[in-house]
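Heads up, the thing below is written out as structure tokens.
To find a chain, count down the sequence lines: A is the first, B the second, and so on, and within it residues start at 1.
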Protein chains: 2
Amino acid sequence: MARIKPHKNGTKKDLITQKAAALFRLKGYSSASMRHLAEEVGVEAPSLYNHIGSKSEILQAICFKVANAFTFYLDSIDIKYAKCTTLLESIIRFHIKMMLTSFNEVYVANHEWKHLKEPYLSNFLMQRRAYEKRLMEIMEAGMQAGELKKTNAYISVLTILSAVRGLEFLPARKKDISNAELENNMVNHLLKGIIK
Amino acid sequence: MARIKPHKNGTKKDLITQKAAALFRLKGYSSASMRHLAEEVGVEAPSLYNHIGSKSEILQAICFKVANAFTFYLDSIDIKYAKCTTLLESIIRFHIKMMLTSFNEVYVANHEWKHLKEPYLSNFLMQRRAYEKRLMEIMEAGMQAGELKKTNAYISVLTILSAVRGLEFLPARKKDISNAELENNMVNHLLKGIIK
DNA sequence: CATTAAAACTAATAATTGTTAGTTTTGTTC
DNA sequence: GAACAAAACTAACAATTATTAGTTTTAATG
């Protein structure tokens with residue numbers, strides 16, 4: 001039988017993971033069957049196991065790829081010496097970019113993490129919590145420096161993260177909004193509000 | 001065998017629906033089995049079918065109960081004669097209250113609607129789209145009246161709805177934040193921003 | 001106490017699930 | 001072209017799924 005070539009610069013495992021992300025987003029992890037995934041890949045279900053260990057291993061790969069991307073971004077920006085508002089703006093923009101460029105993966109990480117098995121579930125939640133904590137520290141520094149209003153930092157972080165997460169609804173709506181307009185609108189809304 | 005009494009002022013169907021909402025939230029609709037639900041209710045699985053028609057019927061009940069609650073609230077407030085910012089504030093506060101008082105149901109409606117069957121799936125999406133459209137009209141009126149900055153109304157509505165939706169993470173964190181503090185922080189953030 | 005309807009039970013069904021075992025095909029290297 | 005490993009295949013497994021059929025128990029009514 002004909003072999004399906006993996007995409008250029010990617011192993012077959014990568015192809016499977018990518019198709020799985022699309023399928024998991026569409027159907028949800030539990031409702032997405034290995035047979036259905038195999039069909040998308042162009043192969044019979046048992047053949048998948050020549051490349052992957054298990055269904056849940058695919059989910060792990062997706063969730064941690066996303067989680068690591070956010071963690072690494074935070075590592076990459078110089079938190080100590082930048083203005084808090086500049087930091088927050090760049091973080092918001094990064095979240096929006098991730099949502100637009102890795103839609104399926106981010107969606108799956110946001111929605112299907114609860115189906116991770118231990119110890120991956122705990123690790124994932126710990127990593128997310130640590131990420132939120134770092135954002136809270138940025139906010140609190142901003143308040144002390146007088147850049148930000150005094151608010152409950154946790155609620156503010158939650159508000160920002162949830163808002164950008166909501167971009168998962170955008171593709172379904174097919175609004176023609178440029179990425180720049182999208183980013184600017186959200187950044188302004190979340191930082192300066194909407195009241196004149 | 002002993003019958004399990006339904007909660008006071010509620011039929012057994014109501015009890016099943018309530019337990020189902022908790023289970024669907026915890027496990028996801030697909031991973032939640034009727035046997036597990038039956039166990040929560042205190043009964044064998046087939047006995048559930050004396051009260052309900054099917055598993056997906058339960059999901060329908062939950063999703064539309066939530067959708068209707070939001071639709072009815074918008075109907076109940078006098079959109080024409082109130083200031084736009086007052087309207088938005090009361091709507092945000094209602095969303096937060098719903099999230100706090102009907103946590104499981106709102107969570108399930110937000111996360112598991114994709115498992116609805118037709119025509120309920122289409123109806124649900126239409127109803128949500130119509131709701132968003134009404135919010136957009138409120139925002140656009142506010143811009144024309146000079147109350148609000150000129151922004152992309154869809155993005156602003158999406159930002160607000162997503163932000164309040166994010167309260168689904170709150171219970172897991174067990175932060176001790178009063179409802180009043182929570183509401184005020186979010187309302188201020190979403191309307192006036194966080195920059196001093 | 002007899003009757004009756006609601007609601008519990010047990011047993012079973014057909015379908016689908018992730019995954020394994022064992023076999024054959026493929027494509028590359030000598 | 002022979003050899004070999006990678007990766008496809010078929011067949012099958014045991015477990016779990018929602019749901020139905022048929023029977024018994026419960027609790028309230030007369």
Atom pair distance, as rounded to whole Å: [atom1] in [X] and [atom2] in [N]:
X	N	atom1	atom2	answer
B:Leu37	C:dA8	CG	P	12 Å
B:His36	D:dA15	NE2	P	20 Å
B:Glu44	D:dT24	CD	C1'	14 Å
A:Leu59	C:dG18	CG	C1'	15 Å
A:Lys27	C:dT17	NZ	P	11 Å
A:Glu39	C:dT17	CD	P	11 Å
B:Leu15	C:dA7	CG	C1'	14 Å

In sequence, state the C-alpha distance, the side-chain angles, and the governing distance for B:Glu89 and B:Lys83, and then conclude on salt bridge (charged side-chain N to carboxylate O under 4.0 Å, His left out). CA-CA 10 Å; B:Glu89 176 171 341; B:Lys83 254 182 67 182; over 6 Å; no
From the list A:Lys19, A:Glu168, A:Arg25, side-chain hydrogen bond (donor to acceptor under 3.5 Å, both in side chains) with A:Asn104 holds only for A:Arg25
Would you list the protein and nucleotides 11-13 of chain D atom pairs, both N or O, that sit under 3.5 Å from each other?
none

Validation: residues 183-190 of chain A side-chain donor-acceptor distances under 3.5 Å, sequence neighbours left out:
| from | atom 1 | to | atom 2 | distance (Å) |
| --- | --- | --- | --- | --- |
| A:Glu183 | OE1 | A:Arg93 | NH1 | 2.8 |
| A:Asn184 | OD1 | A:Arg93 | NH1 | 3.1 |
| A:Asn184 | OD1 | A:Arg93 | NH2 | 2.9 |
| A:Asn184 | ND2 | A:Ala180 | O | 3.2 |
| A:Asn185 | OD1 | B:Asn152 | N | 3.0 |
| A:Asn185 | ND2 | A:Glu181 | O | 3.1 |
| A:Asn188 | OD1 | A:Lys192 | NZ | 3.4 |
| A:Asn188 | ND2 | A:Asn184 | O | 3.2 |
| A:His189 | NE2 | B:Leu190 | O | 2.8 |

What residues, two or more places apart in sequence or in another chain, satisfy side-chain hydrogen bond (donor to acceptor under 3.5 Å, both in side chains) together with B:Lys114?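 In terms of side-chain hydrogen bond (donor to acceptor under 3.5 Å, both in side chains), with neighbours along the sequence ignored, B:Lys114 is linked to A:Tyr107.
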Applying side-chain hydrogen bond (donor to acceptor under 3.5 Å, both in side chains), can you list everything that pairs with B:Ser178, at least two apart in sequence or on another chain? none
Run the ring-ring contact (aromatic ring centres under 6.0 Å, His included) test against A:His51 and tell me which residues pass, sequence neighbours left out. none
Can you check whether A:His95 and A:Phe70 have ring centres sitting under 6.0 Å from each other? yes
Kindly say whether B:Ala32 contributes a backbone atom to a donor-acceptor pair with the side chain of B:Lys55 at under 3.5 angstrom?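 Yes.
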Does B:Phe169 share a hydrophobic cluster with B:Ile92, counting links as ILVMFWY side-chain heavy atoms below 4.5 Å and allowing steps through other members? yes
Between B:Lys12 and C:dA6, is there a contact of a side-chain N or O with OP1 or OP2 at under 4.0 Å? no
Any base atoms under 4.0 Å from B:Ala38, or only sugar-phosphate, or nothing? Heavy atoms, all strands. nothing
Proximity to DNA chain C (any heavy atom under 4.0 Å), residues of residues 47-56 of chain B only: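 Those residues are B:Ser47, B:Asn50, B:His51.
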